[in-house]
2 protein chains.
Amino acid sequence: MAEGYELPLLLFAGFRTLIDDLHAELARRGHPDVRPAYGFAMQAIGVRGASASEVGRRLGVSKQAAGKTVDRLEALGYVERVDDPADARRKLLRLTPRGIDSLAQSAEIFDDLRARWVTELGADRVELIESSLRTVVSGPTFPVDVPGWFS
Amino acid sequence: MAEGYELPLLLFAGFRTLIDDLHAELARRGHPDVRPAYGFAMQAIGVRGASASEVGRRLGVSKQAAGKTVDRLEALGYVERVDDPADARRKLLRLTPRGIDSLAQSAEIFDDLRARWVTELGADRVELIESSLRTVVSGPTFPVDVPGWFS
DNA sequence: GTAGAATCGACAACGTGGTTGTCGAAACAG
DNA sequence: CTGTTTCGACAACCACGTTGTCGATTCTAC
C-alpha cells in the first residue's frame, strides 16, 4: 500500500521536470529569460492579441497583475502594446515575432519531451497517464491559472 | 498523437486538485489557515525539531526565507521557538501539538484522496502512474523545494 | 588557550507576482 | 444626455523569495 502523500509529490515532480527541461532547452534556443509565468501569459494573449483585462480573466488573476506581467514581457521584447483603433480605452497586446517564436519553440520542445517519455515508458503508459488524469481532474477545468496559485 | 503541451498541464492539474482538496478538507477539520507552503515547512521541521537554517537547507531556500515562513507558522501557533541548550546561537524549532495534528491529518487525508483515485481509476492504474513518474523524474530527487519554485 | 574561520539568527533592502482601492477617460445603455 | 460599466494606470500593500551585513557563538587549528 503506497503512502498517499507520494502521489502529489510525484505529479509535481513530473510537472516540474517537464517545465525545467522546457526552459533549459528554450534558453539553449535563444530564449534564456522566458520564465514559466511568461509562457502562460503569452499563451493567454495568443497570436490574435488581447487586452490586459482579457489576459487577466483568462489567467484567473486581476487585470493589475496581468498588466505587471505584460510590462515585463514588453520590456523583454516579447509583447507590444498598440492602441486599439476600435476602443480608445484599450491597448491591444500583440506578440512580437520573438514572442511568437518562443511559443512555437515551446510547443515543439513539449512534443520532444513527451516523445522522450514515450521512449522511456512506452506510448501506452504515457497515454494511460494522460487519460487517467483527464478522468480524475474535475471536469474540463484546465489550469490556465497556474500563476498565482500558491495562495 | 497527443499534443505535448497537455502532459505538463495534466500533471499540474492532478497535483493541484490533490492539494486543493487536501486544504479544503484540512480547513473542515480545524486547520483553515494552513497554506501549501506551510505543510512543506512543517514537514521539514519534523517531529524531532530543527533549526531555521536546517529547514532552509531541506527546503532548498535561504535561511532568511525559511525564517520568515517560520514566523508565520509561529504566529499561527503551529511552531514554537525554544532556545537550544546545546548551542546559544540556535533557536530550536518545534512543532506544537497543533502542528503535529495538522501533519497527521494531512497524511490521513492524502491516503483518503489516493483511495478515491483508486476507486475512480483502479488500483493498477494509480500504481502505474506512480511507478511511471518515479521512473521519469530524475533520480531520487524529491521536490522538497516546492516553495519558491517559479523563479 | 587563543586567534581565525564558520555558522546562527536577525535585520534591511530589494525583486517578483499577487491583491485591493481609486481614478480619469471612453464606451455603452436607458 | 445621463448614469453605469469597462479600460488602463497608479498607489499601497502582502507573501515569498533573494543578497548582503552584522553581532554573537561555536568550531578548528596552531
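Each chain gets a letter, A, B and so on, in the order the sequences are listed, and its residues count up from 1. Basis for what follows: all heavy atoms, side chains included, without hydrogens, waters or symmetry-related copies.
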Seminar exercise, completed: Walking DNA chain C from its 5' end, the first of A:P85 and A:A66 to be reached, judged by nearest nucleotide, is A:A66
Problem set entry | Atom-pair distance (CD on B:E54; P on C:dT7), nearest Å | 13 Å
Seminar exercise, completed: Here the distance between atom P of C:dC8 and atom NZ of B:K68, to the nearest Å, is 19 Å
Problem set entry | Candidate nucleotides D:dC16, C:dG18, C:dG9, ranked by approach to the side chain of B:R72 - the nearest | D:dC16
For this session: Respond yes when some side-chain nitrogen or oxygen of B:T69 is under 4.0 Å from OP1 or OP2 of D:dG17, and no when none is.
Result: yes
For this session: Go through C:dT19, D:dT26, D:dC16 for me and flag the one nearest to the A:A65 side chain.
Result: C:dT19
Problem set entry | Rounded interatomic separation in angstrom, taking CG from A:D33 and P from C:dG15 | 17 Å
Seminar exercise, completed: Contacts of B:Q64 meeting side-chain hydrogen bond (donor to acceptor under 3.5 Å, both in side chains) (sequence neighbours excluded), chain-then-number -> none
Problem set entry | Polar side-chain contact A:Q64-C:dG17 base: donor and acceptor under 3.5 Å | no
Exercise. Is any side-chain heavy atom of B:L92 closer than 4.5 Å to a side-chain heavy atom of B:D83?
Worked result: no
Problem set entry | D:dT18 phosphate, OP1 or OP2, under 4.0 Å from B:S62 side-chain N/O | yes
For this session: Mind calculating the distance between CZ (B:R57) and P (D:dG17) to the nearest angstrom?
Result: 17 Å
Exercise. Please give, in whole Å, the distance from C:dT16 C1' to A:L59 CG?
Worked result: 15 Å
Exercise. Quick one: A:L73 CG to C:dG17 C1', roughly how many Å, whole number?
Worked result: 13 Å
Exercise. Roughly how many Å is it from CG in B:D71 to P in C:dA10, rounded to a whole number?
Worked result: 7 Å
For this session: Just call it for A:K91: base, sugar-phosphate, or nothing, with non-hydrogen atoms closer than 4.0 Å on any strand.
Result: sugar-phosphate
For this session: Calculate the interatomic distance between B:D83 atom CG and C:dA10 atom C1'; express it in whole Å.
Result: 14 Å
For this session: Report yes if at least one side-chain N or O of B:S53 is closer than 4.0 Å to OP1 or OP2 of C:dC8; otherwise report no.
Result: yes
Exercise. Which one, D:dG8, D:dT25, C:dA27, comes nearest to the side chain of A:K63?
Worked result: D:dG8
Exercise. Of the candidate nucleotides D:dT26, C:dG18, C:dT20, which contains the atom at the shortest distance from the side chain of B:R89?
Worked result: D:dT26
Problem set entry | Cation over ring face, A:R35 and A:Y38, 6.0 Å, 45° | yes
Exercise. Can B:E25 and B:R28 be said to form a salt bridge (Lys or Arg N to Asp or Glu O under 4.0 Å), step by step?
Worked result: CA-CA 5 Å; B:E25 182 61 27; B:R28 220 169 290 130; 2.2 Å; yes
Exercise. Is any side-chain nitrogen or oxygen of A:Y38 closer than 4.0 Å to OP1 or OP2 of C:dT16?
Worked result: no
Exercise. Looking across every strand, which nucleic acid part, if any, lies under 4.0 Å from B:A52 by heavy atom: base, sugar-phosphate, or nothing?
Worked result: sugar-phosphate
Exercise. Roughly how far, to the nearest 0.5 Å, is CG of B:L113 from CZ of B:R116?
Worked result: 5.0 Å
